[in-house]
Structure formats: structure tokens, C-alpha cells
Amino acid sequence: MSGEGADLPALPRLAGALRRGVSALAAGMAYLAGWNYIACALFITADVLGRNLLGVSSAATVEVTGYMLAGGIAWALAHALTRGAHIRVDVWVNRLPLRLRAVLHLLALLLLGAFAFFCAWAAWSLVDESLLFDAHDNSALRVPLAVPQGVWFFGLAAFCLAVLVLAAEGASLLLVGRPAEVDRLLGPRTVDDEAAEALEAAAMAREAAEGRGPA
Amino acid sequence: MIAVVVLLLLLGVSLAVAAAGGQEVPVGAILALTAVFVVFFGAGVHVAAVLGLLGVLVGLVFSDRPWWDFAGQTLWGPSSNFVLVAVPLFLLMGDILLRAGLSDRLYRALNLWLNRLPGGLLHTNIASCAMFSAISGSSVATAATMGSVALPYFTGTGYSRRMVLGSLAAGGALGNLIPPGITFIVYGLITETSVGALYVAALLPGLLVTGLFVLVILAHGLARPTERPAPVPFALKLRALADLLPTLALMLLVLGSIYAGWATPTEAAALGAVGAAVFAAFEGKLSFRLLNASAEATARNTALLGLIVLAAYLLNYVLTTVNVPQTLAAFMADLPLPPWAVMACILALYLALGTFMEGFSMIITTVPVVFPIVTALGYDPIWFGVVVTMLVEIAQISPPDGTVMYVLQGMRRDGGPITDMFAGVLPFLAAYLVAVTLLMVFPELALWLPRAWG
Amino acid sequence: SAQMPTSLPPGPKVSIVSVTQPLPTQPQFTRVDMPYLRDMLRERSGGRIEGTVASHAERNLSGTELVRLVRSGQADIGASTLTTLSGDVPIMDGVDLAGLAPGIGTARRIADAMMPVVNRDLERFGTRLVIIYPFPAQVVFCRQPFASLADLRGRKVRTFGNSLVDLVNSLGAQPVSIGFPEVYSALERGVVDCAVTGTGSGVAARWPEVTTHISNLPVSWALAGYMVNINWWNRQDPQVRAFLEGTFKEMSDKLWELGDAATRDGIDCAIGKAEGCRIHTLAARPMTEVNGTDADRAQLREILEKTVLPGFVKRCGARCGEVFNQTVAPLARVRFGG
Ligand code: NA
Ligand code: NA
């Protein structure tokens, strides 16, 4: 990360620093979301074993794991964005000239932002309504709905923030005439990115295989 | 190109529908919306944003209700739905198995048995993918797992690069069809069809597609013989079978727990994930680092699917409030065409959409609209679930856009162009189409087993 | 009694969106909603009122969100079961507690008495109940034989709603929560041993294929209600309101008749008695009917008093206990706090 864009004007540099901060926050939230799925697997497994072997069941598994999914999706949205993982149909865009491509990347991001803001606003209205109703679910735990919905809203709000800082950086780079850097920042993930990711997992697998010694 | 044709067709249909309903036709609005849709897709706007904003626009133009006041509930419903919890759990299981190196053992063991057939290692690709599909519900996870294991075995061999990539992509595209599968879970959720029955119905078609893939490779192997490796002593082969045990045990755990009545299909995915971690622990590979990496990958991939689900549900809610699916279903059912012709049109539409759309977003946007038509025509929901899943799998491996192919391309280290993949996958794509046609002609391929079973 | 008027004076057009039963195949939908809220509204109003009717399934709803649906003006009229809505409006549970009404007559008297009470709470959310009606009696379906409620001890029972969970727990059985679409295969594979639902609803969901015994003892009625959006209602021309009020009254009578008829019909269809099976479809594999005993009824009453009713008051607040004692106790002869 050091020295990245050292020759850039102040505005995009500031925006870049902001974006890196938000990316770190988003990554932290995504790891939590992922561990939440591991907890989910353990919770459901315990419920299945309990029901079949001991005759006990939490009677709230369906609801609680549903909330864990909602929270998990929302909390990892921003991270998926900063990692460029959200799916785009980009067969045509990548054949356009650089300048046009950079503008389209920014446009796509802004439109994604518009949808993200709509979702976050809708989520907040739902939390607000659940507070008005003092609504609870019908499970044995009677969870106040505003709690899981509030967690869900927080994730969507973080997603909006990530769109904002990314768009700010993209726009400032475009303003100072650096379309190539916009393309690198907002462009579709290159084969290299995806390869790096797959190779990282494969490397871990190979490590595992080698650790086992010759068979 | 195909996309535009499809959209114009859709426009024609919607005009005809509106005309048949005797209403005044808002041609301008429909044309404008179609144009927005085309421009959005062409400009590389994210799939979720296209769907979601299309929902917002349709709502603003056509609905006289304050639909936005219910949007929070519309988005919350699917994102907190227990049935969808299976999605991250399957992704988690696949990732743990890959990182713990268990998939590598599966591949090596199968290889000892298959590598002397005409086509050699290519058969191992299909067989290991098919076996992995029986524990994993995700095509991308299947392709990523078996692809990263298999590719190193081919470096420095005389195998056709195209066939290697093609067979791995095709094998990955068994991931959803051979039960368990995320597509079935989502389909069951949307249409209120039993996921257990869908799994049973998919068994024979899954075997059929696998068999056709084997034939493709045999034909290739006979036409272009490669050097056969030296025979391996039978005792060694037998001993290698032990390496299949973790996979077979997980298969038993995931599918067995459903049919023994211990768990629902969603719960079985959780058992699979925990089971994978237990096997990793037996191997001494379970570590914080492994779980942490798997957690991140699972969260990221679930989020990108989840965002599309949110958008699709919003679009679907708005379309339903303005009665689009209902009108379309009534119109299609009244067309002066035999049901099979309408069905053929529907399947053609899926094939066209599948070339540029990703499988998951395709099913979630189209099934709510198409399903009422299918039932109105008198087709069996279980049969249609299997056919749609096959079409989704075809979408994943039909050029130019397919997640499975992208994932595999990302793993190559020879730096070759993605067109290798496009060329290599074509014979397998043809085999898949043959299977869909067979299922059209002989629906019993899917329906016989669930009936005999129940 | 009041009836649906046969005509409506001409005036500005009114379009009414109704979202009613869980599934479009339910007799409440095909025999009441479609004829009244769509066809007869149009015919008798001389085309002035245009009604569209959809089920929860067609609108992709789970049923819990109906108050919010009507409140936000997505539908003008919405219907759902009261227990399902009780997460948003807890007092609704008190109309239909497990074991409260042994017969459909008592259930209707309790429903009539509670409607104004529930509406005091609902009006805060901009909605109002206009009809409370029953689904067929909620009974136990099992995949193994049983002779009484006591036999359910130790079995896994699929339930929904808090008061049924309390009941099943008190019987020494294990409540399991599974979404309705998964119940069929859960019964088939033995993920659960028993499940509670309406007699007719179970038959419609093809449960006779996967269960063998059906009880005829109503544990509750799955009372449900139609709500209107108050703003929308107040905006209507008084003549339209009077026309709709008459419609609701007539629908209410029809729905209670249907609930009564469908209860016995569902059992007859399940046990393969063709002459009694007119509303639902006859089961291909007849089930065995398990007669409710006096001991069952006594046990149900005891559990209501000791567990179900206190559980309801705990969830809903002390005020609900008072309301219950004032309004329901004289009809059901059960008091909260003895
Ligand atoms: Na699978
Ligand atoms: Na494709």
C-alpha cells in the first residue's frame, strides 16, 4: 500500500485514504459475518442432534438462523464491493475506450449506490415500524424484531458508506484526469485478481496435502 | 445481440398481453423501460442495481400504490428466510473441503481407477466433480474445488487444453443438478415445492448428464488417443478407495440425514459444513487460519448472491402489484399453441438469457413470472424444477458469460485466453442440451423416481 | 340479519385491492373471496366497484406482515390468521388460545366479543378488523397411532404460534418449528411425528399421504380476520361504506358456516368417507379418526388454565389479563389468575 499514488493531487489522495479506512472496517464486518455462518452451522447441527438424540430443540432455530443470514448478507455487502465481487455484465464495457469505460464504471457505481440507499432507507423504515408495533417474532424466544432488523440496517448503511467513499475517490480521480486509475479502482476484477484468490485457496490446499506427507 | 432480441420479444408479448386485456397500451413507457434495461446492462451496471432500479421505475410508472412503504418488509422477508440459510452453509462446506485438501485425495483415488480409459484423466475430472456434487450444492464451489485440484495434474501432459478446461467446467455444472443443490432450494422456496422431492427427481437426470459427458470424453479419447499410463497393482487401487471414504461419509451425512428423516434439506447443509470441519480436524488441518479464510470467502460470496436476491424480490413485488405475472400467465395459457410449443419457447428464452446472465439471478428473476404459466399449461412443478436447474447449469457454462468458466479461467497458470474454455465447453454444452431434450420428450426420467419412492 | 345490498347508486369508480387467504386453492378463497370481493362487488355495484383479489402465496407473503401491508396501503382489505399477526399485535392471540373454545359456537361468541377490544389496539396502526372468521378446527395429524392427547408425550410435533407451543410442551411432547412447505416432507421422513393444522388444510396439503391418524378434537380454530385501512375506509363515500358493511356481514355468516362444514368435511375426506367429502378432495389412503375423549377435554382445559393463559398474559402484558377476564372469561368460563 505504501507509495501508492504518491504523485497524486491532494483530493484523490484524501479520498483514497478514506476509502482504505472504510475498506478495513468493511473487511472486519465481513469476517464477523463469516464467523456468524460458522456459528449458524453449529447452532443448526446442535438443534438436529438435540432433537434426534435427546428430544430437545431450541424452538427458535428457524427464526434465529434467519436473522443470522440477514445480518450476514448485509454486513458483508460493503466488503464484497471493495473487493469488486458484485456481479456485473461487463462483456461489452471492457471493449470500450478507456475514458468512456472510466465514466461508465463511475455511473455503474452511482446506480448501485442509488439502489443501496433505497434499501437502507427501506430497512430503516422497517425498523421504525417494528419499534412502533413493539413487534416480536412468534418463536419461543419472542425476539423483538427491531433488534435483528437494526443489525441488518447497520450493514446496509455501511454498504452505502462504502459506495460513497469509493465514488468520491473515483470522481476525484476522473476530475484530475486519471481514467486509467479509475479503471483500476472500479473496473471489473481482472483475471489476475480472481486467480490470486483461487490460488490462495489452492495454495492452502496444497500446503495441507504436503503436510500429510507422501501417501 | 441475443439479449436485445429477447427484450424485443418480451416487448411484443407485453404489447399483445395489454392489447388482449383491452387496456390502453403504454407503449412509450414500456419502450422507455426496455431501453433503460438494455442501456443498463450494456453499460456494465451491476446486476442487482439493474433489477432493483427497474423495480423502482416500474413501480413509479405503473403502480398507483405507495409500494415503497412496504419495501422494507419486501427486502427483509427473503434475506431472513431460513430456507436460504443453506446457501452460505454449502459455500462454507465447499471452502473448508478445498482448503483442507480433502478434495485432492478424492481426485487421486478416482484417478487410479479411471486413467487407463480412452480419455484418461478427463474421466477423472467428470467423476470427481460428480461425486463432489453429491455433497456440495453449488456449481461454482464444485468447479473451484475440483478445478484447483485437477489442473496441476495436467501440466506437462499431452491432453488437449480445451478438453481439460471444458470437462472441468462441465463437471462443475453438475454441482446444482446432482442433489443437494442451491437452485432446488431457491426454486422450492419460490414455488412452494418440496425440496426433498426435487432432489429425488434430479437423481436420474444427473446420472444421465454425467453419462453423456463420459460419452463425449470417450469419443474424444478414441479420436485422439493419448499415452496410457502403466497399470497400477489392484491392491493399490483397492487401498486408494479408502481416500473416497470422507466424501462418501459426507454424502451419507447430507443426503442420508434428509431421507432418514433426521433433518430438513436446509439443516442437512449445516450437518455437511460441520462434517467437513470434522474431517479436516481428523486430518489435522483444522485451524483458525483455515476457518477464518473460509469465513471471509463464504461471507463475500453470500453477500453478492444476497444483493441480487434483494433486488429480484423488490422487482418481483412491484411486478406482482401491477399484475404482470398473472396477466402474462393467463395470456400464455390462452395462446393458440399446444402446451409443448409454449414450453419450448420458455426453454428457448432461458437458453438465450443464459448466454449473458448468471444462473442464480436468472432463476430468481424469471421463475416467479414463468411458474404460473407452467402450471397453467399443466406441467408438473417437480419436472419443471429439474429442467430449470439444468438450464441454470447450462447458463453457467454457456459463453460468453458464466461464473463457472470465470472461476476456472482464474485458476489457470498457463495464461491462455478464455476462448480455450469457450471452445472446450461446446461439446459438453451439446450433451447438456441433448439431456434437456430427452427430459422434454420423456418427462418420466424425472418423475418416475419420486413416484416410486413415495 | 344484514345482507349485501343488491345495488349501489352510481358515482365515482372505486377500485379495491384485497389480499386474503394463504393459498388460492382454499375454499375460503374460492367460495367467499372470489365471489364476494371480486364478482359480486362488480355486479351489484353496477360496475362502480372494481375488486381484485390475491392470496398470500400469489403476493409472496408469509402472512405475518398483513397488518403492515394494509397499514401501508398496499391493499385496502387484508386477511390473515390472528396467531400469525400476534407478533405485531399481541392481543390477537387472546381470541384464539389453544383449548379456549371446545365448539365453534363458543368460538364465534368469543370472536364477536373481542373484535371491539382488538380494534382499540389495531386503530393505533391505522387498521381495523371488520370480520373475524374460523378456519376448519385445528387438529392433530400423526404418522403413528394415538388414542388420546396424553399419547403424544415424547413425540415431535410441528406447531406454530405461541399458545400451541405451550400446549404441546405441557403434553410432554416436543414442539418443532418448520415452515409450512417443508412439513409434508418432514412428516414423510419422520423429521416430525405429528403436526397440527386445520382438518381441511391438512387434507389440501396432502398430509393423508404421509400420516395415518387424525384427531377430531379441536385444539383451536385458527381464527382469522379481515382488516381494512382506516384512512381508505374514511375516504369512501358513505353509500359505498354501507354497501361494503353489508357485504362484510354476509361474508362473515358464510365464513362461519364454511368453517363449521369444512371441519367435518376435512375429517371425512381424510378418513375416506366419500359421502361426507364435498369441499376438499378425498384421500387416496384413508386415515383413522381418533375420537376426542372427556379426559382429553379435561386435560386441554387444565393446560389452558395453568399454562396457555398465563403464557399469553406474560407475552401480552397484565392489561391483556384484565381484558381477558372482562370479555372472554364469562363466555369460556376460564379466568386468568383463578
Ligand atoms: Na450438488
Ligand atoms: Na452464460
Side-chain angles (χ1 to χ4, degrees), chain A residues 30-31 33-35 37-38 40-42 44-45 48 52 62 65-67 69-70 72-74 76-77 79-80 83 85-93 104-105 107-108 111-112 114-115 118-119 122-123 125-126 129 148-149 152 188 191 194-195 197-199 201-202 204-205 208-209 211-212, chain B residues 41-49 52-53 56 68 71-73 75-76 79-82 84-85 88-89 92 98-101 104 144 148-149 262-263 267 270-271 273-274 283 285 290-293 295-296 298-300 302-304 306-308 310-311 356 358 400-401 406-407 409-411:
Chain A
Y31 277 101
W35 280 95
Y37 293 133
I38 294 175
C40 209
L42 292 172
I44 295 176
T45 303
V48 171
N52 288 295
V62 170
T65 52
Y67 304 149
L69 174 66
I73 292 174
L77 286 173
H79 178 63
R83 295 286 303 269
H86 288 298
I87 296 173
R88 300 169 63 182
V89 179
D90 44 25
V91 256
W92 298 301
V93 183
L104 285 179
H105 290 328
L107 175 75
L111 288 171
L112 185 67
F115 177 60
F118 178 80
C119 290
S125 325
L126 185 70
E129 192 175 49
Q149 289 170 349
W152 180 61
V191 168
E194 294 192 28
E197 209 162 87
L199 288 179
M204 203 180 258
R212 212 167 60 97
Chain B
F41 260 122
V45 176
H46 296 84
V47 172
L53 294 177
V56 170
W68 52 84
Q73 193 70 49
L75 299 175
W76 172 251
S79 49
S80 63
N81 193 309
F82 174 68
L84 288 182
V85 173
L89 296 179
L92 183 63
L98 168 63
R99 286 172 204 269
D104 190 50
S148 71
V149 169
W262 295 337
E267 291 171 336
L271 295 181
V274 173
E283 299 281 302
K285 301 299 176 325
L290 183 147
L291 282 179
N292 204 37
E296 190 269 344
T298 304
R300 179 162 32 82
T302 309
L304 71 90
L307 190 66
I308 296 175
L310 292 188
F356 73 97
E358 187 270 333
D401 205 69
Y406 288 164
V407 166
Q409 174 70 13
M411 289 176 176

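Note on naming: letters A, B, ... go to the chains in the order of the sequence lines (proteins, then strands), and numbering restarts at 1 for each one.
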- Message: Given heavy-atom pairs under 4.5 angstrom as the criterion, report whether the side chain, backbone, both or neither of B/Leu271 touches chain A.
- Response: both

- Query: Who wins among B/Val56, B/Leu290, B/Leu92, B/Leu310 for the most heavy-atom pairs under 4.5 Å with chain A?
  - Reply: B/Leu92

- Task: Measure A/Trp35 against the heavy atoms of chain B and call it side chain, backbone, both or neither at under 4.5 Å.
- Result: both

- Do you know which two heavy atoms are closest between B/Leu307 and A/Ile73, and how far apart they sit? N-CG2, 4.5 Å

- Task: Please report the closest heavy-atom contact between B/Trp262 and A/Asn52, naming both atoms and the distance.
- Result: O-ND2, 3.0 Å

- Would you check, one step at a time, whether the test side chain to side chain contact (heavy atoms under 4.5 Å, CB included) holds for B/Phe82 with A/Leu69? CA-CA 8 Å; B/Phe82 174 68; A/Leu69 174 66; over 6 Å; no

- Task: Considering non-hydrogen atoms only, spot the tightest contact between A/Ala122 and B/Leu75 and give its length.
- Result: CB-CD1, 4.2 Å

- Message: On a heavy-atom basis, which atom in B/Leu304 and which in A/His86 lie closest, and how many Å separate them?
- Response: CA-ND1, 3.8 Å

- Task: List the steps and the verdict of side chain to side chain contact (heavy atoms under 4.5 Å, CB included) for B/Val85 and A/Tyr37.
- Result: CA-CA 9 Å; B/Val85 173; A/Tyr37 293 133; over 6 Å; no

- Interatomic distance, CD1@A/Ile38 vs CG@B/Leu291, rounded to 0.5 Å, equals 4.5 Å

- Taking all atoms of both residues into account, what is the closest heavy-atom pair of A/Tyr31 and B/Ala295, and its distance? O-CB, 4.4 Å

- Task: Under 4.5 Å heavy-atom distance to chain A, tell me which part of B/Asn81 shows up: side chain, backbone, both or neither.
- Result: backbone

- Tell me, for A/Thr45 versus chain B, whether the close heavy atoms (under 4.5 Å) come from the side chain, the backbone, both or neither. both

- Minimum side-chain heavy-atom gap A/Pro148-B/Trp76 below 4.5 Å: yes

- Query: Relative to chain A, which segment of B/Ala144 carries a heavy atom at a distance below 4.5 Å: side chain, backbone, both, or neither?
  - Reply: neither

- Shortest non-hydrogen contact from A/Gly34 to B/Ala299? N-CB, 3.7 Å

